[in-house]
Amino acid sequence: MEIDGLDKYLEASQIAKKIMKYGRELVKKETGYLKIASSIEEETKKLGAKPAFPVNISVNGIAAHDTPELNDTREVKPTDLVKVDFGAMIEGFCIDTAFSYSPNNAHAKLIEAAEMALQNALSVVKAGVSTKAIGKEIETTIKQYGYLPVENLCGHSLEEYNLHAGVEIPNVERGGHILKEGEVFAIEPFASTGAGRVNDGDYCQIWSLNPQSNLNVRLPKSRELLGTVAESYMTMPFAARWIKNQSMLFLSLRDLEKQGALESYPVLKEAKKDAFVSQAETTLIVEENGAKILV
Ligand code: MN
Ligand code: MN
């Protein structure tokens with residue numbers, strides 16, 4: 001079985017495992033969102049990969065897509081539930097993975113629910129299995145813990161320079177794609193104490209180039225930014241804080257978004273106020289009789 005980019009995936013896998021270890025140690029010592037995210041991104045580069053997307057530090061009812069801004073001053077509190085989601089990329093081939101933690105262990109059971117859902121999902125992955133069967137494992141496991149899976153967040157297929165390559169792995173019993181040998185997927189159960197649904201929030205720090213857009217942009221500032229983005233990140237997500245020239249940055253980002261040249265990724269918040277959400281995530285290659293788990 002030939003897999004596109006297999007050697008790159010395996011290289012990224014070794015690095016992602018090291019970053020996972022590094023990240024889990026780091027969060028015991030550091031509380032600043034910015035310090036945690038930027039240290040993991042630096043470590044990724046030091047190990048020879050690129051961050052596939054900005055490190056997400058999503059806390060409590062924020063399920064995903066929160067990354068620190070340039071002068072972010074937020075600190076993790078002892079009672080928080082934190083999701084750290086990161087990616088390691090080698091020449092366009094990406095590993096996408098995440099872990100959850102709560103400094104004072106207040107959310108241990110909720111975290112265990114997501115982790116166990118991931119383990120149970122992985123135990124049924126092999127060629128010929130439907131994504132619906134995987135979603136069922138996740139849903140059943142999380143409900144057994146007394147929580148709800150987040151139904152509008154999904155795992156996903158991965159392809160070269162494409163984090164969300166079209167096929168979804170639902171967190172509930174739904175869908176009908178049949179897994180094929182050699183396909184690469186991220187599976188990411190989210191367990192929630194709330195409604196089991198997320199909505200877009202107002203805060204947005206993550207963007208990506210829309211590959212379908214043309215690059216004819218009128219405003220010089222916007223044109224310059226689009227050129228920088230295309231050259232530095234291609235179609236991969238980037239953080240506003242990664243852009244060197246910060247002058248009028250958000251005006252340009254919004255201008256480019258309005259023209260369809262950029263996609264925005266606002267934070268995703270639990271629909272119910274004061275809910276907590278946990279996440280576990282790994283990336284794998286489907287095999288004839290199982291899966292090669294990459295993190
Ligand atoms: Mn992820
Ligand atoms: Mn993912």
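Both counts, for ligands and for their atoms, begin at 1 and track the order of listing. All values below come from the heavy atoms of this structure, side chains included, with hydrogens, waters and symmetry mates left out.
For the residue pair Thr228/Lys244, the side-chain donor-acceptor check at 3.5 Å is not satisfied.
A cation-pi arrangement, defined by a distance under 6.0 Å to the six-membered ring centre and an angle within 45 degrees of its axis, is absent between Arg241 and Tyr33.
Sorted by first then second residue, the salt bridge (Lys or Arg N to Asp or Glu O under 4.0 Å) pairs that include residues 166-183, not counting sequence neighbours, are Lys180-Glu183. Evaluation of the salt bridge (Lys or Arg N to Asp or Glu O under 4.0 Å) test over residues 252-269, restricted to residues two or more places apart or in two chains, returns Arg254-Glu257. Applying the salt bridge (Lys or Arg N to Asp or Glu O under 4.0 Å) test to every pair with at least one member in residues 75-90, sequence neighbours left out, gives no pairs at all.
Under a cut-off of 6.0 angstrom, the local environment of CD in Gln246 is crowded, with over 12 non-hydrogen atoms contributed by other residues, nucleotides or ligands.
Not one N, O or S atom of His164 sits under 2.8 Å from the Mn ion (ligand 2).
Listed by chain and number, Asp85 OD1, Asp85 OD2, Asp96 OD1, Glu281 OE1 are the protein N/O/S atoms closer than 2.8 Å to the Mn ion (ligand 1), with waters left out.
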